[in-house]
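These notes concern the structure reproduced below.
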Amino acid sequence: MNGAEEGARAEFLADALAGLSGHPKTLPGKYLWDETGSDLFDRICAHPDYYPTKREMALLPGVASEVAPLVGSGVSVVEFGSGASRKIRTLLDALDAPAAYVALDISKAYLESAIERLAAHYPGVTMTPVTADYSKPVRLPPGVASPPILGFFPGTSIGNFTPDQAGGFLGRARETLGPSHFLVGADPTRDAARLRRAYGESGGLMAALHLNLFERLNRELGADFDRDNFRHEARLAEDPFRVEAHLVAIRPASYRLGDRTITVAAGESIRTDTSHKYPPDVFRTLAAAQGWEPVRQWIDEDSGFSLHLFRA
Ligand SMILES: C[S@@+](CC[C@H](N)C(=O)[O-])C[C@H]1O[C@@H](n2cnc3c(N)ncnc32)[C@H](O)[C@@H]1O
């Protein structure tokens with residue numbers, strides 16, 4: 001293990017101990033994303049219950065053709081949380097002679113193989129995968145992106161942040177990107193049945209994504225969690241409106257983590273992720289407070305899913 005890997009392991013252990021010692025118990029959602037987690041999410045996107053990807057993909061071709069003349073030719077695109085790098089194809093196809101694509105993600109191995117696959121289709125675009133955690137300040141390696149720059153943050157990922165954290169992210173993104181445009185997705189859906197299907201079911205894939213956290217704790221931190229003692233549950237909550245992912249213990253049990261013992265009562269839950277549902281006006285106000293001037297927005301008629309173009 002090199003120094004960076006040791007540092008990442010120590011941070012994972014510290015975050016897991018802090019979250020699992022709290023009341024209620026939590027684990028940061030960013031640890032969902034190892035290679036298995038990324039692969040499961042790719043399958044979730046293809047599942048009929050998971051509406052956000054389908055609704056955004058329906059919106060994106062029209063958006064891309066309107067964004068292209070606004071951002072000009074020879075643009076460098078910087079995507080936050082690029083995952084399988086599927087949506088970027090629609091943008092790259094519409095933009096005029098894009099110069100570079102910088103894909104930034106926390107899931108290193110998955111990111112690198114996604115970019116290797118993508119690069120074969122876009123020989124004229126310089127592609128750089130950057131492993132980074134966008135919940136912290138991110139500085140791009142020198143020379144990988146030059147103006148004009150278009151930031152891209154699709155999907156519902158902004159919703160994983162509380163309003164305060166989303167403001168922090170948007171401010172940091174402005175520093176990372178400099179003078180630029182930024183295309184960001186936001187989901188306002190409040191239809192409880194639709195949310196329960198997408199976040200609670202999706203063919204059992206959502207449960208697999210969240211339960212995989214125990215595999216990571218056991219494999220990477222030497223813990224001994226029993227994933228069969230937990231069931232996944234999606235809960236809707238208000239003020240602000242959000243969907244929370246919980247892993248609920250079926251029986252009381254104690255587990256080893258680092259030099260500590262984590263005890264769970266029957267019915268006690270560990271919150272593993274949160275998806276805030278931001279209406280377009282609330283989201284625009286959050287972004288404007290961080291210096292992002294709204295340029296245009298597009299709203300999907302079926303779900304209300306919105307894509308926003310800002311300028312800094
Ligand atoms: C819900 S997926 C969305 C993937 C893709 N952007 C899409 O819209 O389909 C979230 C992506 O963001 C990445 N991610 C999550 N938290 C992150 C963080 N703190 N820093 C960097 N990447 C992160 C995950 O690895 C994953 O690829």
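Both ligands and their constituent atoms are indexed starting at 1 by order of listing.
- The immediate protein surroundings of ligand 1, defined as residues with any heavy atom under 4.0 Å of it, consist of K30, W33, F41, E79, G81, G83, K87, D105, I106, S107, A132, D133, Y134, S135, P154, G155, S157.
- Using a 4.0 Å cut-off between charged nitrogen and carboxylate oxygen, R196 and E201 do not count as a salt-bridge pair.
- Annotation: salt bridge (Lys or Arg N to Asp or Glu O under 4.0 Å) contacts involving residues 303-312, sequence neighbours excluded, comprise E293-R311.
- Side-chain contact of N218 with D224: a donor-acceptor pair under 3.5 Å is absent, judged by distance alone.
- W292 belongs to a hydrophobic cluster whose other members, connected by ILVMFWY side-chain contacts under 4.5 Å either directly or through intermediates, are V78, F80, V102, L104, V130, Y134, V138, L140, V144, I149, F153, I158, F161, F169, L170, L177, F182, V184, Y278, V282, F283, L286, F310.
- Between the side chains of N212 and Y31, no donor-acceptor pair is found at a separation under 3.5 Å.
- A search for side chain to side chain donor-acceptor pair (under 3.5 Å) contacts involving R260 returns S21, not counting sequence neighbours.
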